[in-house]
A.B. asks: 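Okay, handing you the structure first.
Quick note on labels: first sequence line is chain A, next is B, and so on, each numbered from 1. Since this is a predicted model, take the numbers as computed values, not measurements.
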Number of protein chains: 2
Amino acid sequence: MSKEKWTEAGEAVTALILDIFRLNSRLLLTGDRLVADLGLTSARWQVLGSIAYAEQPQTVAWHARSMGHHRQGIQRIVNELKAEEIIEFKANPQHKRAHLVLLTPKGQDLFDAAIERQIPWVNALSSDVKPADLEATRRVVHQLKTRLEQD
Amino acid sequence: MSKEKWTEAGEAVTALILDIFRLNSRLLLTGDRLVADLGLTSARWQVLGSIAYAEQPQTVAWHARSMGHHRQGIQRIVNELKAEEIIEFKANPQHKRAHLVLLTPKGQDLFDAAIERQIPWVNALSSDVKPADLEATRRVVHQLKTRLEQD
DNA sequence: TCACATTTGACAATATATTGTCAAAATAGC
DNA sequence: GCTATTTTGACAATATATTGTCAAATGTGA
């Protein structure tokens with residue numbers, strides 16, 4: 001016998017969460033395909049994006065936190081990207097061991113190439129989404145994300 | 001020099017995707033915590049949900065497809081759940097080897113217990129989301145998911 | 001009915017993610 | 001300044017996910 005009941009919003013968010021799980025896995029899969037022959041994966045691409053869009057060069061731990069991933073996982077990817085000269089380390093004036101990560105010119109080119117593919121893909125994907133719906137979606141997703149990140 | 005440009009919607013969806021990645025990982029993390037002491041994880045819970053809500057008992061491969069996961073990953077989890085007598089197999093009249101999966105009474109109790117925790121959690125999480133925004137969000141997420149699943 | 005493709009679970013190999021520990025370095029509180 | 005706590009990268013162990021292969025079973029098309 002159930003004591004608790006969903007509110008209307010609770011029920012809707014429950015259904016939304018299940019759809020988000022599936023959407024997330026589809027996005028990763030599609031992303032993998034989109035950049036596979038560039039030597040990238042969704043995971044690598046996401047790391048490059050975090051580096052490319054950071055206001056300042058940052059440490060591995062910072063990027064991991066920022067993406068909501070484990071430090072060790074990002075470190076592994078960053079080490080690979082370093083070996084392939086896609087990123088490089090720069091001395092950190094604030095910390096002797098925690099170097100700052102930045103894109104090499106080759107890494108920047110690679111990231112640009114990925115973006116060149118992402119643009120027509122995402123434009124097509126989003127072409128018949130209503131702008132008002134899209135705004136609302138960004139509000140909700142951002143709100144949920146922020147709430148969950150507070151713990 | 002970039003040849004392509006984002007449409008407004010394309011730019012918004014790009015930002016949305018990044019937020020969805022983070023929201024997804026937070027949801028998994030929070031889900032793990034919510035049911036950890038029941039002996040569940042987000043992954044196990046999701047499998048139980050797929051079994052519990054299926055109209056008919058289904059095969060492992062069906063559930064994997066339905067969740068957008070690999071057959072082998074779901075098989076591994078199902079085998080564990082079987083060993084713990086949370087699910088059981090039933091002979092499939094249509095297929096000699098591909099058995100149907102269903103919850104045992106113990107499994108049903110476990111799933112109910114998880115739901116009992118999920119309800120107050122999701123009610124609180126969604127309490128100040130505007131109903132109209134929520135509807136729009138479900139539309140958009142569903143639309144994007146459906147589009148990506150067509151490939 | 002018969003060949004041929006597809007689906008399925010089992011199994012194995014590999015890749016990736018997660019968790020834990022350590023010591024160096026930095027930060028906070030005194 | 002000095003100690004305690006926190007952050008960080010390195011390393012290792014484990015867990016989980018992904019990919020590939022196989023043979024049994026089913027489905028498909030002549």
A.B. asks: What is the distance from CZ of A/R76 to C1' of C/dT14, rounded to the nearest Å?
C.D. replies: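 Atom CZ in A/R76 sits about 12 Å away from atom C1' in C/dT14.
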A.B. asks: In whole Å, I'd like the distance from the CG atom of B/D32 to the P atom of D/dA15.
C.D. replies: 16 Å
A.B. asks: Roughly how far, to the nearest 0.5 Å, is CE of A/M67 from CH2 of A/W62?
C.D. replies: 9.0 Å
A.B. asks: If you measure from CG on A/L144 to CZ on B/R26, what distance do you get to the nearest 0.5 Å?
C.D. replies: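 Nearest 0.5 Å value for the CG-CZ distance: 13.5 Å.
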A.B. asks: Is any side-chain N of the basic residue among A/K106 and A/E84 closer than 4.0 Å to the acidic one's carboxylate O?
C.D. replies: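 No, A/K106 and A/E84 are not salt-bridged.
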A.B. asks: Please state how far atom CG in B/L28 lies from atom P in C/dT19, giving the value in whole angstrom units.
C.D. replies: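 My rounded result for the distance is 12 Å.
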A.B. asks: Take atom CG of B/N92 and atom P of D/dA25, then tell me their distance rounded to the nearest Å.
C.D. replies: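 To the nearest whole Å, that distance equals 13 Å.
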A.B. asks: With rounding to the nearest 0.5 angstrom, report the CD1 to CG distance, B/I17 to A/L27.
C.D. replies: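 Output value for this atom pair is 5.0 Å.
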A.B. asks: Between A/H70 (NE2) and C/dT18 (C1'), how many Å, whole number?
C.D. replies: 5 Å
A.B. asks: CG/B/D112 to CG/B/L48 distance, rounded to the nearest 0.5 angstrom?
C.D. replies: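 One finds 10.5 Å between CG of B/D112 and CG of B/L48.
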A.B. asks: Contacts to DNA chain D from residues 37-58 of chain B, heavy-atom cutoff under 4.0 Å, which residues?
C.D. replies: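 Hits under 4.0 Å, by residue number: none.
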A.B. asks: Assess whether a salt bridge exists between B/D37 and B/R117, defined as any Lys/Arg side-chain N lying under 4.0 Å from an Asp/Glu carboxylate O.
C.D. replies: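 Looking at B/R117 together with B/D37, the answer is yes, because their closest N to O distance falls below 4.0 Å.
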A.B. asks: When you match A/E80 and A/Q94 each to their closest nucleotide on DNA chain C, which lands nearer the 5' end?
C.D. replies: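 Its nearest nucleotide being more 5', the pick is A/E80.
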A.B. asks: Measure the distance from NZ on B/K96 to P on D/dA23 and round it to the nearest whole Å.
C.D. replies: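 My rounded result for the distance is 19 Å.
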A.B. asks: Which residue pairs pass the salt bridge (Lys or Arg N to Asp or Glu O under 4.0 Å) test with at least one member in residues 118-128 of chain B, sequence neighbours excluded?
C.D. replies: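 Listed by first then second residue: A/R147-B/D128.
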A.B. asks: Polar atoms only, N or O, under 3.5 Å: list the protein pairs with nucleotides 5-12 of chain C and their distances.
C.D. replies:
{"from": "C/dT8", "atom 1": "OP1", "to": "B/R65", "atom 2": "NH2", "distance (Å)": "3.4"}
{"from": "C/dT8", "atom 1": "OP2", "to": "B/R65", "atom 2": "NH1", "distance (Å)": "2.6"}
{"from": "C/dT8", "atom 1": "O2", "to": "B/R97", "atom 2": "NH1", "distance (Å)": "3.4"}
{"from": "C/dG9", "atom 1": "OP1", "to": "B/V60", "atom 2": "N", "distance (Å)": "3.4"}
{"from": "C/dG9", "atom 1": "OP2", "to": "B/A61", "atom 2": "N", "distance (Å)": "3.1"}
{"from": "C/dG9", "atom 1": "N7", "to": "B/R71", "atom 2": "NE", "distance (Å)": "3.3"}
{"from": "C/dG9", "atom 1": "N7", "to": "B/R71", "atom 2": "NH2", "distance (Å)": "2.7"}
{"from": "C/dG9", "atom 1": "O6", "to": "B/R71", "atom 2": "NH2", "distance (Å)": "3.0"}
{"from": "C/dG9", "atom 1": "N3", "to": "B/R97", "atom 2": "NH2", "distance (Å)": "3.4"}
{"from": "C/dA10", "atom 1": "OP2", "to": "B/Q75", "atom 2": "NE2", "distance (Å)": "3.0"}

A.B. asks: Give a yes or no on this: more than 12 heavy atoms of other residues, nucleotides or ligands lie within 6.0 Å of atom CD of B/E8.
C.D. replies: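 Atom CD in B/E8 is not packed in, count stays at 12 or less.
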